[in-house]
Amino acid sequence: MTFDTRRMQALFESAALVCLVVVFLSFPVAMALAYIAMALALLFGLLSGRIWQRWPTVRRAPVVWAALGLYALMLLGILYTPASQDDILLHLSKYSKLLLVPVCIALLAESVWRRRCVDAFVLAMLFILASVYANIFWDLPWSRTHNLGWGQDHTVIGDYITQNVMMTFFVVLALDR
């Protein structure tokens, strides 16, 4: 049995791309699964070597430098903050998702995978939209709130701000399509 580097890189890239689709599908619905998929996408993306092969393209994307700059600014702030160790660790973990941006840009070079990620997000948001309206009449076990009837808060995931921001993005995607 021979060890084929190109085959392993292609396998890692495929695994990373599948993990990214899982991220977009699960992020609006199940955050824990999304975080696991993000970590696996980062790991598989780095193991695939695509970020280094596509670095000229990644380097030209302004969003990459904005994300890395924001993370660097947060790291700089840690040096002089009076915040507790718990707060510092919370911010390190929360903003670590910014480090996924260069890997995503490198992996999502092909439009077919970008479309699959968007379709996964749309599918998750359609589930949330249907759940919001169903939650008016039935007490859904996965709903964040358990209020029946019109004029109530029917937040299904997270808090109402998170749900509304994602739903607004969903509406923009729907209008674009």
Side-chain angles (χ1 to χ4, degrees), residues 1-76 78 88-131 142 156-158 162-163 165-177:
M1 183 184 340
T2 64
F3 182 76
D4 187 6
T5 305
R6 287 189 191 138
R7 186 170 174 217
M8 289 302 294
Q9 285 180 331
L11 182 68
F12 284 135
E13 182 181 20
S14 296
L17 288 166
V18 169
C19 287
L20 282 178
V21 173
V22 171
V23 168
F24 280 85
L25 179 66
S26 62
F27 189 77
V29 182
M31 293 295 290
L33 178 60
Y35 288 149
I36 291 168
M38 278 184 213
L40 289 174
L42 180 63
L43 175 69
F44 292 141
L46 292 173
L47 289 174
S48 75
R50 293 297 186 198
I51 189 169
W52 313 121
Q53 293 171 359
R54 296 179 180 152
W55 181 247
T57 304
V58 172
R59 182 179 66 201
R60 286 192 301 270
V63 70
V64 169
W65 295 110
L68 294 177
L70 186 59
Y71 195 76
L73 188 63
M74 193 251 336
L75 289 175
L76 182 66
I78 286 174
I88 291 172
L89 291 175
L90 174 71
H91 282 77
L92 282 173
S93 67
K94 186 174 291 261
Y95 289 103
S96 66
K97 292 175 229 35
L98 292 170
L99 300 175
L100 189 62
V101 171
V103 176
C104 287
I105 297 290
L107 289 172
L108 295 175
E110 298 175 24
S111 63
V112 66
W113 283 102
R114 289 192 303 268
R115 174 63 67 190
R116 288 175 183 160
C117 287
V118 170
D119 289 345
F121 177 77
V122 166
L123 186 65
M125 293 311 295
L126 285 172
F127 171 75
I128 290 172
L129 183 64
S131 295
W142 59 85
V156 176
I157 50 108
T162 304
Q163 181 173 307
V165 167
M166 285 193 285
M167 196 56 70
T168 301
F169 184 65
F170 169 67
V171 168
V172 169
L173 280 174
L175 290 173
D176 181 59
R177 286 189 176 188

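This is a predicted model, so every value here is computed, not measured.
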How far does [atom1] of [X] sit from [atom2] of [Y], to the nearest 0.5 angstrom?
X    : Y    : atom1 : atom2 : value
F24  : C104 : CZ    : SG    : 6.0 Å
K97  : Y71  : NZ    : OH    : 10.0 Å
F44  : L11  : CZ    : CG    : 8.0 Å
S48  : L43  : OG    : CG    : 10.0 Å
R6   : Q9   : CZ    : CD    : 8.5 Å
L173 : M166 : CG    : CE    : 12.5 Å

Would you mind reporting whether [Y] and [X] have side-chain heavy atoms less than 4.5 Å apart?
X    : Y    : value
R116 : L20  : no
M125 : L129 : no
V23  : L33  : no
L42  : M38  : no

Could you check whether atom [atom1] of [X] has more than 12 heavy atoms from other residues, nucleotides or ligands sitting under 6.0 Å from it?
X    : atom1 : result
Y95  : OH    : no
F121 : CZ    : yes
R7   : CZ    : no

Those residues that, when tested against P56, pass side-chain contact (heavy atoms from CB on, under 4.5 Å) (two or more places apart):
R59, R60

Closest non-hydrogen atom pair, [X] against [Y]:
X    : Y    : answer
L25  : A120 : CD1-O, 3.4 Å
V103 : A41  : CG1-O, 4.1 Å
L92  : L75  : CD2-CD2, 3.6 Å
A109 : R114 : O-NH1, 3.0 Å
A124 : P28  : CB-CG, 3.8 Å

Please name all residues satisfying side chain to side chain donor-acceptor pair (under 3.5 Å) with R115, sequence neighbours left out, ordered by chain then number.
none

Apply side-chain contact (heavy atoms from CB on, under 4.5 Å) to the pair L107 and W113, showing each step before the final yes or no.
CA-CA 9 Å; L107 289 172; W113 283 102; over 6 Å; no

Could you walk me through whether V63 and V101 satisfy the side-chain contact (heavy atoms from CB on, under 4.5 Å) test, starting with their C-alpha distance in whole Å, then the side-chain angles of each, then the deciding distance to 0.1 Å, before giving a yes or no?
CA-CA 8 Å; V63 70; V101 171; 4.3 Å; yes

Walk me through it: do M8 and L47 pass the test side-chain contact (heavy atoms from CB on, under 4.5 Å)?
CA-CA 9 Å; M8 289 302 294; L47 289 174; over 6 Å; no

Angle class for the W55/W65 ring planes (parallel below 30°, perpendicular above 60°, tilted otherwise)?
perpendicular

Report the C-alpha separation of E13 and L17 in whole Å, then their side-chain angles, then the decisive distance to 0.1 Å, and conclude whether the side-chain contact (heavy atoms from CB on, under 4.5 Å) test is met.
CA-CA 6 Å; E13 182 181 20; L17 288 166; 4.0 Å; yes

